[in-house]
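From a predicted model like this one, the values you see are computed outputs, not experimental measurements. Here is how names work: the chains are called A, B, and so on, in the same order as the sequence lines, proteins then strands, and each is numbered from 1. The basis for the numbers below is simple: all heavy atoms, side chains too, and nothing from hydrogens, waters or symmetry mates.
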Protein chains: 2
Amino acid sequence: MAVTQTVGGPAAAGKQMLSEQVHARLRAAILHGAHAPGDALKPQELAKEQGVSLAVVREALVRLVGEGLADRLPNRGFAVPAFSDRRWQELTEARLTVEEPMLRMSVQRGDVEWEARVRAAHHRLARTPAFAPEEGEYYSDAWAEAHRAFHRTLLEGCGNSVLLDTFDRMWTASELARRWSGHSTPHRSSADEHRRLEEAALTRDPAAAAAALVRHLSLTAAALSPESATGTS
Amino acid sequence: MAVTQTVGGPAAAGKQMLSEQVHARLRAAILHGAHAPGDALKPQELAKEQGVSLAVVREALVRLVGEGLADRLPNRGFAVPAFSDRRWQELTEARLTVEEPMLRMSVQRGDVEWEARVRAAHHRLARTPAFAPEEGEYYSDAWAEAHRAFHRTLLEGCGNSVLLDTFDRMWTASELARRWSGHSTPHRSSADEHRRLEEAALTRDPAAAAAALVRHLSLTAAALSPESATGTS
DNA sequence: GTAGCACGAATAATCGATTATTTTGCCGAG
DNA sequence: CTCGGCAAAATAATCGATTATTCGTGCTAC
């Protein structure tokens, strides 16, 4: 029986490798919190669920491990990584360390095209409601994506793809860690902070932009662990 | 017949997954320059060479892609990534951007145990000859490893595993890019620079340490592209 | 009553073979 | 002589099944 049933959604999903699709779906599911930290990601279940063979699920899982979205326990399969507060703090500090100089470079180097994209990204973010009625608990996918796009666009002016890859990696890890660190909602003044960031960037004021970013990230971190500043041990 | 008696060395080499071993071997081979950039990494060849099935080679390759040590061309297999001068410059800039603040943190936070490890790492590096007679063209594996260990140890005082992972990733990419960017040998004064780095770190002088690191990395970059400072478009 | 072991079920890791896609070589039309 | 298409070979992607390891259970010895 040569029944090559292409999965195909209504939107003509086109031709992609199966492992790519499975990887994307699994990644989205993990980021959406469909699997709790520590939960085992069983290849058999996933394979049956998605109607593919073990090999493609395995490949997707290996990729996820590389992205930090899954842990591998030798001879014991895969699992959703557990996130401690400690890890969340490290993530925030790392983002500050990397993004602050990136933003400075960006502001110094970005051209008019970059300015235009920053404006566009901020507009999209400002006009996207953070919460969708049906999704309730967590902020909407649309807002999360607009948020990511704004922050990334701000940094893209630096023109360094290695640093931008680093940003992508840390952003993803942050999104997952944030979801499971008790702190999920965008805090009250984030819209203000984003406006300040945009303004400083378009004014070509590196110091002001850096300061705004540091404040933005610090507030995000502080909202989670109010008394974190005291050194541990 | 229970034939699987893996004797294992006296040091109890233990049981590792096949894919792990294959991944390690392939990774080492690529970093050693056994495959030229652009060369296809054919699963069949590799599988026959190493006497394993396609699945394990495939898994190893997927992992390598995640580490940036291989490219994936959809439906066209895997290949060794090509490195342009541009990429090498980006890598160097990224390392500067990330490692300089890391080193400052490290110097500020590192404890006595860290100081001891820095001393030990520098001693090993200083006592390891950069060139081994039999390896000729390129610097010795032992030196490369001592070099990496010294730089990493310097930064480990920062205590941030996310940043250290970023360092690892960039270091690996740098090693591969350097090999194929025409610039291979450690330059004349690297021993001096390492000594200065160690001294500044143990003196707990963040500014001096950062300055020494910046000089070290800048020289490395400059040695490759002498006239690179002029911004490209 | 509990510790330890044997056995069986579950699941991970690997394999050999099948299917789909791309590349290569050849032939004829223009 | 070159361009375009067709067939054959090569190779990538996927699958179904096999082997190895771990996990759970119940029995036995003490």
Please give, in whole Å, the distance from [N] [atom2] to [X] [atom1]?
| X | N | atom1 | atom2 | answer |
| --- | --- | --- | --- | --- |
| A/Leu41 | C/dT11 | CG | P | 14 Å |
| A/Leu73 | D/dT22 | CG | C1' | 12 Å |
| A/Gln21 | D/dA13 | CD | C1' | 13 Å |
| B/His23 | C/dT14 | NE2 | C1' | 18 Å |

- May I ask you to verify if any side-chain N or O of A/Arg72 is less than 4.0 angstrom from the OP1 or OP2 atom of C/dA13? yes
- Message: Does C/dC15 have its OP1 or OP2 closer than 4.0 Å to a side-chain nitrogen or oxygen of B/Ser53?
- Response: yes
- Task: Decide whether B/His151 and B/Glu156 meet the rule of one side-chain donor and one side-chain acceptor closer than 3.5 Å.
- Result: no
- Donor + acceptor pair across side chains of B/His147, B/Glu175 (<3.5 Å): no
- Compare all side-chain heavy atoms of B/Arg63 with those of B/Arg27 and state whether any distance is below 4.5 angstrom. no
What nucleotide among [options] has an atom nearest to a side-chain atom of [X]?
| X | options | result |
| --- | --- | --- |
| B/Lys42 | D/dT11, D/dA13, C/dA13 | D/dT11 |
| A/Met17 | C/dT14, C/dT11, D/dA13 | D/dA13 |
| B/Arg76 | D/dA13, C/dA13, C/dT22 | C/dT22 |
| B/Val56 | D/dA13, C/dA12, C/dT14 | C/dT14 |
| A/Asn75 | D/dC15, D/dT22, C/dT14 | D/dT22 |

- Quick one: does A/Arg95's side chain have a donor or acceptor within less than 3.5 Å of a partner on A/Met170's backbone? no
- Message: For B/Pro43 and B/Ala55, find the nucleotide of DNA chain D closest to each by heavy atoms; which residue's nucleotide sits nearer the 5' end?
- Response: B/Pro43
